[in-house]
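So the structure is just underneath, and the comments pick up after that.
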Amino acid sequence: MVTSQDVLLWIQDWYVSQCDDEWEHSYGMEINTLDNPGWRVSIDLTSTALDNQSMIAIQTERTDLDWIHCWVSDKQFQGAGGPNNLLEILTVFQNFARS
């Protein structure tokens, strides 16, 4: 079973592995809230091993508060989801990065 701590530690390690005294000055990652309510995650893929990777967009609608949309566009991983779906979004990114 994947725990939130496992995913968070993995995301931290992925971020640190991108930092090369250049990437972090121009690129990065953001986690923000949505007003419907929910989460929005943006992760720059430029100059990473994922730079030219694509992924099949994910759209899962379970309820008004339980949903996720994840996609890659313009060299960015984008994820959005309901108020309790942040871990799921980050896990989608983890699976994408590992594939």
Side-chain angles (χ1 to χ4, degrees):
M1 179 177 155
V2 176
T3 67
S4 55
Q5 182 176 0
D6 293 336
V7 174
L8 186 56
L9 290 172
W10 183 89
I11 292 283
Q12 288 178 155
D13 289 343
W14 184 88
Y15 170 75
V16 168
S17 72
Q18 306 316 306
C19 296
D20 61 3
D21 291 329
E22 291 183 26
W23 183 85
E24 65 272 20
H25 295 286
S26 298
Y27 308 106
M29 51 181 34
E30 293 183 359
I31 299 175
N32 294 303
T33 56
L34 298 172
D35 63 357
N36 58 340
W39 295 99
R40 174 71 181 232
V41 175
S42 298
I43 302 174
D44 287 309
L45 305 176
T46 302
S47 297
T48 74
L50 304 171
D51 191 295
N52 292 310
Q53 297 295 318
S54 60
M55 71 174 272
I56 297 170
I58 296 171
Q59 289 192 345
T60 304
E61 306 277 346
R62 291 177 280 263
T63 68
D64 288 345
L65 297 177
D66 184 10
W67 59 276
I68 65 163
H69 296 177
C70 297
W71 67 99
V72 170
S73 176
D74 298 324
K75 297 188 179 197
Q76 286 199 342
F77 171 88
Q78 301 288 338
N84 293 311
N85 297 101
L86 179 58
L87 177 61
E88 187 176 5
I89 295 165
L90 296 177
T91 302
V92 168
F93 175 71
Q94 180 184 41
N95 292 336
F96 164 67
R98 287 179 165 174
S99 66

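Since this is a predicted model, take the numbers as computed values, not measurements.
The structure places CD of Q76 at 5.5 Å from OG of S42, a figure rounded to the nearest 0.5 Å. Taking CG of D13 as the reference point, atom CD of Q94 lies at 10.5 Å (rounded to 0.5 Å). Distance CD1/I68 to CG/N85: 7.0 Å, rounded to 0.5 Å. We find the OG1-CG distance between T91 and L86 to be 9.0 Å, quoted to the nearest 0.5 Å. To the nearest 0.5 Å, atoms CZ (F93) and CH2 (W10) are separated by 5.0 Å. Between the CG atom in L87 and the CH2 atom in W39 there is a gap of 11.5 Å [rounded to 0.5 Å].
Both Y27 and F77 are assigned to one and the same hydrophobic cluster, defined by single-linkage of ILVMFWY side chains at heavy-atom distances under 4.5 Å. Side-chain heavy atoms closer than 4.5 Å link hydrophobic residues (I, L, V, M, F, W, Y) into clusters, and following such links, even through other members, never connects I31 to L34. W67 and I89 fall into different hydrophobic clusters, where Ile, Leu, Val, Met, Phe, Trp and Tyr side chains are chained together by heavy-atom contacts under 4.5 Å. Under the 4.5 Å side-chain contact rule for hydrophobic residues, L45 and W71 do not share a cluster.
Ion pairing of D51 with K75 is present here, as a side-chain N (NZ or NE/NH1/NH2) and a carboxylate O approach within less than 4.0 Å.
At least one donor-acceptor pair under 3.5 Å links the side chain of S99 to the backbone N or O of F96.
Counting heavy atoms of neighbouring residues, nucleotides and ligands inside a 6.0 Å radius, atom CD of Q5 does not exceed 12 of them. At most 12 non-hydrogen atoms from other residues, nucleotides or ligands lie less than 6.0 angstrom from CG of D64. Other residues, nucleotides and ligands contribute at most 12 non-hydrogen atoms within 6.0 Å of the CD atom of E22.
Side-chain N/O atoms of Q78 and H69 include no donor and acceptor closer than 3.5 Å.
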Taking only distance into account, with no hydrogens and no angle test, what donor-acceptor pairs under 3.5 Å do side-chain atoms of residues 52-59 form with protein atoms, sequence neighbours excluded?
none

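When all heavy atoms of W23 and G28 are compared, the pair lying nearest together is CH2-CA, 3.6 Å. The heavy-atom pair separating P37 from P83 by the smallest distance is O-CD, 3.4 Å.
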For Y15 and I43, run side-chain contact (heavy atoms from CB on, under 4.5 Å): C-alpha distance rounded to whole Å, both residues' side-chain angles, the deciding distance at 0.1 Å, then the answer. CA-CA 9 Å; Y15 170 75; I43 302 174; over 6 Å; no

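Side chains of N95 and V92 form no contact here, defined as non-hydrogen atoms less than 4.5 Å apart.
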